[in-house]
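Comments concern the structure below.
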Amino acid sequence: MITLHWKGRTASVSTPGSEAGKEMDKRFDPRAYEAAWQRRWAEAGYFVAAAPSEKPSFCLMIPPPNVTGKLHIGHALMTALQDLLTRWQRMRGKNALFLPGTDHAGIATQLMVERQLAKEGTSRRELGRERFLERVWAWKEQYQGNIREQLDLLGASCDWSRERFTLDEGLSRSVREAFVRLYEEGLIRRGEYLVNWSPVLETAVSDLEVEMKTVQGKLYHIAYPVEGSEQRIVVATTRPETMLGDTAVAFHPEDERYRHLTGRAAILPLVGRRIPFVADPAVEPEFGTGLVKVTPFHDPFDFELGRRHGLPGISVIDRRGRMTAEAGPDFAGLDRAEARAKVVERLRAEGYLVKVESHVHNVGHSQRGGEPIEPLVSTQWFLEVSGMAGRALSALHDGSLKLVPDTFDKTWEHWLSNIRPWCISRQLWWGHQIPAWYDEAGRCFVARSFEEAAKAAGTDRLTQDEDVLDTWFSSGLWPFSTLGWPEETADLATFYPTDVLVTAHDILFFWVARMVMMGLHLTDKVPFATVHLTGLVRDAAGEKMSKTKGNVLDPSELIAEYGADALRFTLTSLDSPGRDIPLNPEQIAGYRAFGNKIWNAARFCLSRVGEARVAGHLDLTGLAAPERWILSRLSRVAGEVGERLEGYRFDEACNLLYHFFWGDLCDWYIELSKPALTGEAPRPRVGEVLLTVLDRSLRLLHPVMPFLTEEVWQRLPGHEAIHPETICLAPYPEREPAWEDLGAEGVEAGMEALIQVVTRVRALRAELNLPPKAGIALTLLAADDGLAQFLADQEPLLAFLCRADAVATATPREGARRDLVAGVEIGVLASAASRSPEGLGGAERERLEKERERLDGEIARAEERLGNETFVSKAPAQVVEGNRRKLAELKERREHLVASLATLDA
RNA sequence: GGGAGGUUAGCUCAGCGGUUAGAGCACCUGCCUUACACGCAGGGGGUCGCGGGUUCAAAUCCCUCACCUCCCACCA
């Protein structure tokens with residue numbers, strides 16, 4: 001029995017339009033049942049996980065989507081894979097938890113709301129912090145709702161009773177706890193450093209949020225007079241406006257050209273400031289003139305160099321990208337671009353500009369808004385991550401963390417080995433306000449709450465730090481904050497550490513690495529055993545999707561058109577390791593056709609199986625070859641699908657299922673079942689086998705196509721024996737070794753030969769240009785006695801599949817078109833009445849001659865190979881033997897071909 | 001500058017040491033054979049980026065090169 005505790009009530013299970021035995025609509029229309037099943041499953045509470053639980057647990061967290069808008073196709077991919085894993089594990093009897101939630105997405109969301117305010121003619125500053133935040137919360141409510149709806153459309157089997165939001169009460173507590181602990185350990189500190197500053201957003205951003213872009217710029221060569229001499233030295237810079245903040249000129253200590261300048265100073269043009277020469281090994285003598293102007297407060301290289309030499313810094317650019325008063329009265333207030341033009345103009349006018357070269361270089365741009373980042377000095381909070389990074393590295397090395405595919409291992413190592421302190425403060429309003437308070441003397445108290453801070457300060461006249469934390473700080477805690485950490489909750493004990501993380505590889509550092517570091521540091525555990533990294537979804541041409549290109553595919557629209565199952569199957573089958581995913585709507589249409597195929601196969605079975613019922617355990621006794629064959633195939637496919645899922649090869653699992661269902665089951669077994677079901681050539685328990693194979697196929701497919709499989713499965717007579725209520729909780733099929741019948745004498749070998757024979761006969765029919773309804777006389781002669789007997793037993797089936805009037809075990813008759821396949825000599829003789837008058841013309845002759853040439857080529861190659869002594873002696877006996885057999889068959893086929901050609905001449 | 005990945009049928013991709021290299025879509029020829037035209041049967045189409053090497057055997061392993069994609073990176 002399952003416990004149903006969705007909103008505390010027991011679910012009454014009513015069917016949305018499907019009952020066992022009820023006739024299926026002729027039309028396949030996913031819209032008719034998808035939403036209904038999602039509602040039913042939720043009402044029944046199938047996806048609510050238990051804590052604690054006797055069962056082994058399986059847990060997977062949604063990478064929380066930003067509450068900025070709709071889910072995009074990348075989310076659909078991740079959701080499809082996450083849900084596939086969850087449903088699979090749930091069917092394997094695990095206490096499975098797929099925990100949903102959303103991310104407050106500080107900068108992104110704040111920008112959206114600010115944009116909205118701008119349209120209304122107001123701004124966040126006009127509203128003030130409190131009223132602004134009210135607006136953002138209202139926004140969040142709306143968009144969180146959208147996201148829930150979309151996850152439902154996709155069929156995500158989330159436990160909504162455990163939904164979380166990064167800014168909710170519980171997670172905020174986790175964030176404060178983490179911050180305070182890290183602060184108390186001395187890993188978080190506040191200080192004045194050079195940071196990446198966005199003059200548009202007016203906030204600091206982390207290194208990861210800076211994108212380097214190649215820019216065609218200019219290299220300005222500027223002459224700086226040397227103090228106390230007539231000499232002028234020349235420096236090269238791409239940013240002449242920063243010279244106003246220069247405090248030194250540097251050269252390489254070994255550089256003979258400039259060693260004599262040691263201890264001397266230059267006079268800064270336009271400003272007149274005396275700035276010293278310093279020697280530093282970081283300076284590249286080969287670049288420019290080998291002399292570098294040093295602007296410690298506006299360039300990362302200069303900042304480090306300045307620190308090494310104890311140089312002062314001067315801030316000449318402010319937080320909005322304008323020149324400060326310290327830039328001098330001529331420049332103060334100018335925008336940085338204007339200032340550059342004016343500085344260059346003045347330098348030229350005063351004769352300091354030596355030359356201007358065109359120069360290609362990299363400039364940091366804001367990942368968010370695209371504007372150039374300004375390196376500025378400001379007071380920020382930093383997290384020292386080097387220790388945690390070391391542990392994250394070891395986790396990969398000792399196997400407690402696995403990246404799939406492992407091509408990301410090197411990336412992981414490189415990034416974590418070169419990591420620098422993380423700037424975690426943001427000058428925004430939407431986010432977790434930093435739990436630090438200042439008293440009137442400016443002393444800082446970091447605490448879990450205002451009360452705690454007040455106690456420590458001995459006063460409640462405190463002001464909280466205005467800044468908020470980088471969104472990724474709270475995201476970094478997601479795998480355990482969502483489960484109640486730091487409380488020792490039942491959820492945490494049951495589900496943490498989690499099992500798998502599925503996410504796109506573009507947030508490996510932003511998110512995955514931070515979760516691993518934070519998880520290891522704060523919980524002493526790797527937050528998940530495996531990370532499955534997906535590619536990025538692109539359009540059909542492999543282009544990145546973007547609004548400006550207009551090639552964005554909206555999952556909701558795709559679901560409306562093709563159904564969620566088709567979209568899921570498509571995305572899942574495209575998830576090949578380490579590759580981006582080109583999504584073509586035509587392909588989704590192809591997989592919708594697969595849905596149609598399943599629908600109609602089920603329709604056929606249900607209308608023909610009579611009183612048969614699904615068998616939980618099927619006894620093979622008395623079953624004929626086709627039945628034993630399909631069961632053997634089914635068992636092997638179940639085994640292979642399981643292996644592929646274990647190995648995160650979802651694409652291969654999809655392919656196996658697709659080809660088994662369409663190829664083995666529909667093209668062959670269902671066709672083979674027809675003569676038996678109509679009573680033409682009865683066989684025992686065909687209906688039972690049909691239903692059993694269908695049941696297991698649907699269960700195998702359920703994690704990928706949840707809606708269709710449930711809709712169809714509910715109609716199978718006897719499905720209740722597998723699970724009383726739902727396919728979601730029915731066991732996932734595994735191999736049934738007793739069903740497998742392999743080997744040379746096995747039923748799979750026999751049926752494989754039969755299939756090859758039928759296929760060849762059909763091809764011969766086509767070559768003879770026989771009308772589909774024309775009868776033929778078919779003769780078969782197998783060299784192997786066992787096979788001959790097998791085929792003789794299947795004569796009614798062969799006649800049915802080949803549309804033959806007669807099938808005989810005999811040598812081909814005079815005038816018959818002859819061929820050989822799988823050791824079976826085939827003779828096809830058209831019934832006199834159906835012989836097409838134009839049938840055996842030049843086209844037929846041409847085809848046969850082309851085929852003979854091809855065979856000649858192959859025979860020659862096979863003979864050459866077998867004539868090679870080293871091949872015969874060194875290659876495995878099996879391979880040599882295979883080649884011998886092949887050669888014999890090729891030769892025989894050629895003989896038949898020649899005979900057929902002779903018939904044409906007659 | 002460092003690193004990763006890619007280059008296979010018209011398109012998008014599997015395959016990654018062994019007989020005639022696969023799939024989906026597209027294409028051609030027949031079929032409304034009563035489960036399915038979202039279908040059935042048959043078919044055409046590839047010197048597996050270039051050049052070397054290892055091997056009895058290479059699309060598959062190694063090396064060079066070319067082109068493409070992405071990630072990382074404080075030569076001003």
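Chain A is the first sequence line, chain B the second, and so forth, proteins listed ahead of strands; every chain is numbered from 1.
Mapped onto RNA chain B by nearest heavy atom, A:Glu586 and A:Val879 fall at different nucleotides, with A:Val879 at the one closer to the 5' end. Both A:Leu890 and A:Phe408 lie near RNA chain B, and the one whose nearest nucleotide falls closer to the 5' end is A:Phe408.
Judged by distance alone, with hydrogens and angles left aside, the side-chain atoms of A:Glu671 form no donor-acceptor pair with the main-chain N or O of A:Trp668 at under 3.5 Å. Checking side-chain atoms of A:Arg803 against main-chain N and O of A:Lys773 turns up no donor-acceptor pair under 3.5 Å.
When the C1' atom is used for both B:C13 and B:A59, the distance is 15 Å, rounded to whole Å. The same atom, P, is picked in B:G1 and in B:C16; the two are 35 Å apart, to the nearest Å. Using P as the reference atom, B:U19 and B:G6 are 23 Å apart when rounded to the nearest Å. For the P atoms, the distance linking B:A57 with B:G53 amounts to 12 Å, nearest Å. Distance check on atom P: B:G44 versus B:U7 gives 26 Å, rounded to whole Å. Using C1' as the reference atom, B:G10 and B:C27 are 8 Å apart when rounded to the nearest Å. Remark: the separation of the C1' atoms in B:A76 and B:C70 is 27 Å, to the nearest Å. Separation of the C1' atoms belonging to B:C56 and B:C65 is 29 Å when rounded to the nearest angstrom.
Across all strands, A:Thr759 comes closer than 4.0 Å only to sugar-phosphate atoms, never to a base (heavy-atom distances). Backbone-only contact: A:Arg649 has heavy atoms under 4.0 Å from sugar-phosphate atoms and none from a base. A:Trp662 comes within 4.0 angstrom of sugar-phosphate atoms only, judged by non-hydrogen atoms across all strands, and of no base. The residue A:Asn362 sits close to a base: some heavy atom pair falls under 4.0 Å. If you check every strand for non-hydrogen atoms under 4.0 Å, A:Phe509 touches sugar and phosphate atoms only. Across all strands, A:Glu858 comes closer than 4.0 Å to base atoms (heavy-atom distances). Residue A:Cys605 is out of contact with every strand shown, counting any heavy-atom pair closer than 4.0 Å. A:Val294 comes within 4.0 angstrom of no nucleic acid atom, judged by non-hydrogen atoms across all strands. At a threshold of 4.0 angstrom between heavy atoms, the contacts of A:Gly882 include nucleobase atoms, whether or not backbone atoms are also involved. Among the atoms of the strands shown, base atoms are found under 4.0 Å from some heavy atom of A:Arg854. Across all strands shown, A:Lys410 has heavy atoms under 4.0 Å from sugar-phosphate atoms exclusively, and none from any base. A:Ile670 comes within 4.0 angstrom of a nucleotide base, judged by non-hydrogen atoms across all strands. Within 4.0 Å of A:Ala875, counting heavy atoms only, lies at least one base atom of the nucleic acid. Note on A:Arg762: only backbone sugar-phosphate atoms sit closer than 4.0 angstrom, heavy atoms only; bases stay farther off.
In this structure, A:Glu357 pairs ionically with A:Lys355, as a charged nitrogen and a carboxylate oxygen lie closer than 4.0 Å. At a threshold of 4.0 Å, the pair A:Arg893-A:Glu889 does not count as salt-bridged, since none of the basic side-chain nitrogens sits closer than that to a carboxylate oxygen. Using a 4.0 Å cut-off between charged side-chain N and carboxylate O, A:Glu374 and A:Arg239 make a salt bridge.
With ring centers used as reference points, A:Tyr658 lies under 6.0 Å from A:Trp662.
Pair assignment for B:U33: none, as no Watson-Crick or G-U wobble contacts are both less than 3.5 Å. Base pairing of B:C50: no nucleotide in any strand meets the Watson-Crick or G-U wobble criterion (both distances under 3.5 Å). Look at B:G18: its Watson-Crick or wobble partner, with both distances under 3.5 angstrom, is B:C56. Across all strands shown, B:C11 pairs with B:G24; the Watson-Crick or G-U wobble distances both stay below 3.5 Å. Taking a pair to require two hydrogen-bonding distances under 3.5 Å in either a Watson-Crick or a G-U wobble arrangement, B:U69 pairs with B:A4.
Among the nucleotides B:C56, B:G39, B:C40, the one closest to the side chain of A:Asn868 is B:C56. In this structure, of B:U20, B:C13, B:A35, it is B:C13 that holds the atom nearest to the side chain of A:Arg579. Considering only side-chain atoms of A:Cys666, the nucleotide from B:A35, B:C75, B:U20 that sits closest is B:A35. Taking the side chain of A:Lys597 as heavy atoms from C-beta on, and the options B:A14, B:A35, B:A76, the nearest nucleotide is B:A35.
Proximity of A:Arg239 to the phosphate of B:C75: no side-chain N or O atom is located under 4.0 Å from OP1 or OP2.
Between A:His309 atom NE2 and A:Phe277 atom CZ the span is 14.0 Å, to the nearest 0.5 Å.
No hydrogens or angles were tested; on distance alone, a donor-acceptor pair under 3.5 Å links the side chain of A:Glu671 to the base of B:A35. Within 3.5 Å, no donor on the side chain of A:Lys773 pairs with an acceptor on the base of B:U33, nor the reverse.
Environment of CD in A:Gln216: crowded, with over 12 heavy atoms of neighbouring residues, nucleotides or ligands closer than 6.0 Å.
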